Amino acid sequence: MSELTAEQLIQSPGDWQRSHHCAQTDLALLGQDVCLMGWVQYRRDHGGLIFIDLRDREGLTQVVFSPDHNLQAHQEAHVLRPEYVLAVKGTVRERPEGMRNPNLKTGQIEVVVKDWKLLNTAKTPPFPIEDRIDVSDHLRLKYRYLDLRRKGMTRNLRLRHEAVQSVRNFLNAEGFLEVETPVLTKSTPEGARDFLVPSRQHPGHFFALPQSPQLFKQLLMLGGQEKYYQIVRCFRDEDLRADRQPEFTQIDLEMAFVQEEQVMRLAEDMIKNVIADTVNQELNTPFPRMSYSQALDTYGLDRPDTRFGLLLHDVTDIVKDSAFKLFASAEMVKAIRVAQGGHISRREIDDLTEYVKIFGARGLAWIKIKEDQWHSPIAKFLGEEEKQQLVRELGLEAGDIVFFQAGGADMVRTTLGNLRLKLAEKLDLIPEDRLDPVWITDFPLFEWDQEEKRWAACHHPFTSPRDDDRDLLESAPERARARAYDLVLNGCEIGGGSIRIHTPELQSRMFQALGISREEAESKFGFLIEALKYGSPPHGGIAFGLDRLLMILGRTDSIREVIAFPKTQKGTCLLTDAPTPVPSKQLAELGLRVRDEQPR
RNA sequence: GGAGCUGUAGUUAAGUUGGUUAUAACGCCGGCCUGUCACGCCGGAGGCCGCCGGUUCGAGUCCGGUCAGCUCCGCCA
């Protein structure tokens with residue numbers, strides 16, 4: 001028997017056809033001949049007997065090369081290495097007593113090789129194709145195609161597929177039409193930074209990639225399509241986070257002739273359905289609702305995680321005459337009681353103090369409640385009356401610890417809102433298997449843009465004010481409420497929408513309130529205002545961040561885990577090396593020149 | 001634009017107060033092995049300690065810078 005190298009053994013599959021997937025081989029197939037194709041997961045070469053765990057997308061099957069069944073095959077199979085690609089034909093047989101593997105779905109059986117083909121060899125992968133190995137993000141992204149072979153990524157891609165199918169099935173049944181909208185579109189003011197695409201045919205002119213299909217979906221309502229949806233890529237040229245990628249996917253939908261209730265009911269039914277179809281969990285509808293101001297008051301954030309307590313209490317009034325000047329002079333003082341948190345050490349408090357500084361806090365006041373006294377750097381400033389009121393407001397008991405934050409309202413809320421999350425994580429208070437949705441409603445229409453010194457749309461400039469707040473647009477914009485709603489799941493904003501403005505008059509007033517001049521409104525949004533003049537139906541909708549929803553359902557802490565080919569935090573692709581410079585000829589065609597081009 | 005963490009063999013990590021030849025496990029290569037299943041046993045190879053500079057008799061270790069990955073602030077209607 002001549003010794004052939006692995007490369008010499010490579011063959012084409014020829015007329016071999018795969019009969020089963022590796023996960024399908026079980027006792028029901030006993031005695032049958034099957035043809036499997038896949039990759040070598042593990043090889044256990046005993047010399048006289050070779051076991052290969054063959055992997056395909058669906059699972060693993062043990063195949064056995066035995067000289068008793070095919071001498072040549074057995075001898076050739078010594079060349080097999082991890083990730084080699086092979087096809088085997090063989091017989092499914094029950095494993096001998098005591099040789100079964102209960103950890104493997106197909107562990108009752110094995111496939112005895114009658115004939116096989118080596119379809120391809122493989123370099124030794126830079127990291128093992130196994131879930132239990134933690135590999136650096138850098139390597140995983142550079143060799144993403146190898147990372148995708150791992151079970152975790154395969155599972156996440158399947159989850160994504162199932163979620164998308166569920167959404168389509170649901171919305172199709174509800175009478176929605178899936179319509180595509182342009183990816184090459186118009187740059188608009190407001191919102192995130194646009195990705196620009198230069199126009200070759202019109203030098204100096206640019207398309208923008210859509211931040212969302214917002215205007216087109218409204219135009220589809222104007223186009224009489226009544227119920228639209230799209231699972232659509234959106235682009236925002238802003239810095240990345242664990243839950244943010246420059247391109248991400250929205251489940252976008254819009255309905256004509258509806259009010260808030262219909263959109264919210266439909267949306268929660270859709271989400272309920274997706275969750276049942278993917279992770280087999282049942283949510284109760286209707287989802288709970290909370291006003292924006294209540295969310296800020298009790299959770300500090302507009303995306304409350306309602307899976308645990310640690311609520312914020314306002315104690316501004318209690319300490320307004322305190323001897324502790326920091327409290328007395330503050331615009332707002334809030335507190336979090338951690339029941340039986342007195343064991344938190346000085347060292348841990350120091351870490352938390354460092355943590356809150358990220359949010360602009362100067363420090364972190366705390367009190368440990370003991371049986372006989374209050375242990376705290378600030379206890380000496382607090383009078384009996386103040387202490388009594390704090391006990392009442394916070395429900396204090398011996399063994400508790402209380403954290404305080406005093407200062408500007410925004411800072412206090414943000415700081416304690418984030419501290420609350422930090423504490424919950426640290427103290428393991430988050431029930432990981434819970435899915436707690438909550439609608440946030442009653443958003444303000446505007447928020448003050450400190451940098452631009454003007455009002456900015458809280459949601460977007462097409463969101464309708466409440467009917468009875470219309471006159472506030474000019475007189476008291478800060479009091480105007482929006483017909484907007486966000487859906488928050490486990491403290492993550494997974495969707496948001498609104499009832500839109502559908503008359504040209506109101507839309508023009510909105511632009512005015514935002515400080516957008518008549519001329520600018522005309523040049524940027526003229527087509528919309530014009531369109532609204534031709535019988536626009538009242539309409540509204542919502543858009544969900546598919547990736548974020550999948551992060552929660554897949555119980556992963558990074559958006560990269562649910563995207564096949566994500567970008568790094570610096571917005572690059574380690575696999576393709578994009579973005580790259582382009583030849584000057586290509587730039588010239590576009591009428592572009594790169595300023596201060598560095599020699600490379 | 002800013003802050004923090006990380007960077008040592010193919011991979012994951014250890015590396016003490018700055019001190020001789022930089023460890024371990026897995027992987028890889030060679031050999032043995034007919035019931036393993038993350039097979040086992042014997043042997044072997046494998047290092048620009050991210051990069052540049054500085055301090056020092058001497059730097060993986062200290063300092064400055066820089067690059068990359070990650071987390072966060074700003075930003076994200």
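Throughout, protein chains are lettered first and strands after them, A, B, ... in sequence-line order, and every chain is numbered starting at 1. Predicted, not measured: the structure shown is a model, and the values here were computed from it.
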With a 3.5 Å cut-off and just heavy-atom distances, do the side chain of A/R244 and the base of B/C75 make a donor-acceptor pair?
-> yes
In whole angstrom, what separates A/E97's CD from B/U36's C1'?
-> 16 Å
Please tabulate, one pair per line, all N/O donor-acceptor pairs under 3.5 Å involving side-chain atoms of residues 440-449 of chain A, not counting sequence neighbours.
{"unit_1": "A/D442", "atom_1": "OD1", "unit_2": "A/R466", "atom_2": "NH1", "d": "2.8"}
{"unit_1": "A/D449", "atom_1": "OD1", "unit_2": "A/E451", "atom_2": "N", "d": "3.0"}
{"unit_1": "A/D449", "atom_1": "OD1", "unit_2": "A/E452", "atom_2": "N", "d": "3.0"}

P atom, B/C70 versus B/G27: distance in rounded Å?
-> 29 Å
Those residues that, when tested against A/E522, pass side-chain hydrogen bond (donor to acceptor under 3.5 Å, both in side chains) (two or more places apart) | none
Could I get a table of every N or O pair under 3.5 Å where one atom is in the protein and the other is in nucleotides 8-14 of chain B?
{"unit_1": "B/G10", "atom_1": "O2'", "unit_2": "A/P126", "atom_2": "O", "d": "3.0"}
{"unit_1": "B/U12", "atom_1": "OP1", "unit_2": "A/S136", "atom_2": "N", "d": "3.1"}

For B/G19, the nucleotide meeting Watson-Crick or G-U wobble distances (both under 3.5 Å) is B/C57
Rounded distance in Å - OH (A/Y42) to C1' (B/C39) = 12 Å
By nearest nucleotide on RNA chain B, pick out whichever of A/A456 and A/D243 is the more 5' one.
-> A/D243
Pairs: protein N or O with nucleotides 30-33 of chain B N or O, under 3.5 Å:
{"unit_1": "B/G30", "atom_1": "OP2", "unit_2": "A/R81", "atom_2": "NH2", "d": "3.4"}
{"unit_1": "B/C33", "atom_1": "N1", "unit_2": "A/H46", "atom_2": "O", "d": "3.2"}
{"unit_1": "B/C33", "atom_1": "N3", "unit_2": "A/D45", "atom_2": "O", "d": "3.1"}
{"unit_1": "B/C33", "atom_1": "N3", "unit_2": "A/H46", "atom_2": "O", "d": "3.4"}
{"unit_1": "B/C33", "atom_1": "N3", "unit_2": "A/G47", "atom_2": "N", "d": "3.4"}
{"unit_1": "B/C33", "atom_1": "N4", "unit_2": "A/D45", "atom_2": "O", "d": "3.2"}
{"unit_1": "B/C33", "atom_1": "N4", "unit_2": "A/G47", "atom_2": "N", "d": "3.4"}

Considering only heavy atoms and no angle criterion, is a donor-acceptor pair shorter than 3.5 Å present between the side chain of A/R43 and the base of B/U36?
-> no
Excluding sequence neighbours, so at least two apart, what forms ring-ring contact (aromatic ring centres under 6.0 Å, His included) with A/F248?
-> none
Could you tell me the separation between the NE2 atom of A/H69 and the P atom of B/G35, rounded to a whole number of Å?
-> 15 Å
Within residues 406-427 of chain A, those residues having any heavy atom closer than 4.0 Å to RNA chain B are none
For the pair made of CG in A/L240 and P in B/A68, what is the distance, rounded to whole Å?
-> 14 Å
